[in-house]
Amino acid sequence: MTTTDPTIVSHSSAPRVAFPPAFHWGTATAAYQIEGAADDGRTPSIWDVFSHTPGKVVNGDTGDIAVDHYHRFREDVRMMADLGLTSYRFSLSWSRIQPTGRGPAVERGLDFYRALVDALLEHGISPVATLYHWDLPQELEQAGGWPVRETAYRFAEYAAHAARALGDRVPVWTTLNEPWCSAFLGYGSGVHAPGRTDPADALKAAHHLNLGHGLAVGALREILPASAQLAVSLNLHMVRPLTDSAEDLEAARRIEAVGNRIWTGPMFNGGYPADLKADTASFVDWDELVRPGDEAEIGRPIDLLGLNYYNPTIVSAPQKDSEAPEPARNDGHGNSPYSPWPGSEDVVFHLANEDVTAMNWSIDASGLSDSLIGMHHDFGLPLMVTENGAAFEDVVGPDGTVDDPERIRYVRLHLAAVADAIAAGADVRGYYLWSLMDNFEWAYGYSKRFGIVHVDFETQRRTPKSSAHWYTEVIRRGGLD
Ligand code: FCB
């Protein structure tokens with residue numbers, strides 16, 4: 001046996017699970033979840049109105065102050081630099097940039113993002129800007145919201161304002177964050193703003209979000225330098241049938257259609273799939289909703305595809321035994337009596353396993369590698385994991401620190417899954433841990449903590465958790481050990 005035998009364990013410092021040298025190591029946030037300064041230069045978005053409506057958010061929490069990032073962004077960027085992050089994904093607040101959702105942009109709002117991006121660049125952190133992370137200007141909701149076609153055109157106009165102001169310094173742009181949530185939690189189950197519960201409106205919203213994405217890509221291409229990379233962040237569900245019975249496979253097909261292919265069909269495969277249209281025909285007339293040319297507009301080429309992944313989605317056929325207790329539907333961000341799955345309301349959802357986070361989301365990293373490999377195979381685009389992370393019941397020690405081995409375990413498993421996908425040929429360019437710091441977790445308010453940095457919501461003090469220190473080491477080594 002010679003010393004070059006590959007079975008000999010190497011004691012060099014080279015990471016065992018290495019990532020490409022240019023891999024982006026990031027964290028992700030969203031404007032409404034962190035900025036605060038709700039009445040400082042911006043008008044209400046649907047999330048201001050929703051969170052101020054009694055009964056909509058746990059404890060009546062709102063994003064009025066959130067973690068005051070609007071005033072503390074310089075400190076936050078320094079903290080990111082100290083953690084060694086090489087990239088940062090954040091979202092722009094539409095109503096800070098274009099308060100009524102129409103007309104001219106407001107320089108004050110743009111100046112905030114110019115200053116944020118400049119601070120990131122000064123620290124060598126590459127910015128990724130998301131144009132829409134769920135905070136539609138309330139005026140546009142009053143004019144009909146996403147179920148109305150006009151909103152797609154307004155979105156493209158706002159995108160153009162943002163691109164003109166920030167295009168010289170933001171290299172990567174994401175149009176929409178998880179449009180499934182905007183359409184089906186916002187207008188279907190109603191657990192998210194604006195809290196409407198009409199399946200037809202949810203499907204119309206989905207089409208207009210798609211159209212807004214396509215129109216925005218067109219507008220951005222005209223303004224941004226040729227080097228700019230355009231993306232969308234989808235929470236494609238890793239749908240798995242509970243058994244391989246024909247009925248469970250059919251349930252999986254239905255959820256895959258209205259959860260995933262409703263986006264990827266027109267974005268990458270030339271149009272809405274026939275089975276989706278058939279499943280939902282009792283709610284919308286697709287021939288009327290989708291006008292000639294819409295699908296081509298939605299299918300404008302993009303450069304990167306973002307995946308937000310937290311857990312797999314296990315489904316089975318509707319239960320025949322009415323005596324059996326109905327398993328809770330797992331809609332991710334909270335349940336309501338209204339289904340976010342139009343046309344497939346009876347499909348039954350299951351936990352993948354009992355190893356769950358504080359959101360009751362099963363931990364199963366195989367769904368991440370399978371998703372990335374599947375997306376690579378199906379769409380052939382470079383990929384980014386634009387969100388992945390976990391909430392746990394963090395315990396703050398007497399010295400204010402948080403030891404969170406469960407979060408480290410979660411991230412380690414999922415980074416290993418990313419490495420597996422890369423090894424299998426997927427071109428994954430970056431990983432954005434959700435989230436940089438504890439923040440306003442939508443309908444759960446401040447009760448769920450996803451940060452690798454602990455925030456004391458009374459004092460706004462930031463303290464990196466052990467997961468943050470661990471992530472710093474991963475970044476330093478360029479991979480897992
Ligand atoms: C995603 C959202 C993000 C956060 C995480 C936990 O669906 O995009 O804002 O809520 O879930």
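Counting starts at 1 for both ligands and their atoms, in listed order. These numbers were taken from a predicted model, which means no experiment stands behind them.
Taking atom 6 (C) of ligand 1 as the reference point, the nearest protein heavy-atom neighbour is F450 CZ, 3.4 Å. Looking at atom 5 (C) of ligand 1, its nearest protein heavy atom turns out to be Y310 OH, 3.3 Å. Remark: minimum distance from atom 11 (O) of ligand 1 to any protein heavy atom is reached at H333 CE1, 3.3 Å. In this structure, atom 3 (C) of ligand 1 lies nearest to the protein heavy atom E387 OE1, 3.3 Å.
In this structure, N235 has no heavy atom closer than 4.0 Å to ligand 1. Residue contacts with ligand 1 do not include K448, since none of its heavy atoms lies under 4.0 Å from the ligand.
The salt bridge (Lys or Arg N to Asp or Glu O under 4.0 Å) analysis of residues 125-145, with sequence neighbours excluded, yields the pairs E141-R196. Listed by first then second residue, pairs satisfying ring-ring contact (aromatic ring centres under 6.0 Å, His included) with a partner in residues 366-385 read F268-F379, not counting sequence neighbours.
The pair E441-R449 does not meet the salt-bridge criterion, since no charged nitrogen lies less than 4.0 angstrom from a carboxylate oxygen.
Distances between N or O atoms of E178 and those of ligand 1 include at least one value under 3.5 Å.
For ligand 1, the atoms closer than 4.0 angstrom to any heavy atom of H133 are 2 (C), 3 (C), 8 (O), 9 (O). Ligand 1 places these atoms under 4.0 Å from at least one heavy atom of N177: 8 (O). Close approach to E441 involves these atoms of ligand 1, each under 4.0 Å from a residue heavy atom: 4 (C), 6 (C), 10 (O).
Between Y88 and F90, the ring planes lie parallel to each other; the angle is under 30°, not in the 30° to 60° tilted range.
Figure legend: R96 and Y70 shown as a cation-pi pair, the cationic atom lying under 6.0 angstrom from the six-membered ring centre and within 45 degrees of its axis.
Here the OG-NE2 distance, from S182 to H133, works out to 8.5 Å after rounding to the nearest 0.5 Å.
Of all the heavy atoms in A152 and H208, the pair that sits closest is CB-O, 3.4 Å.
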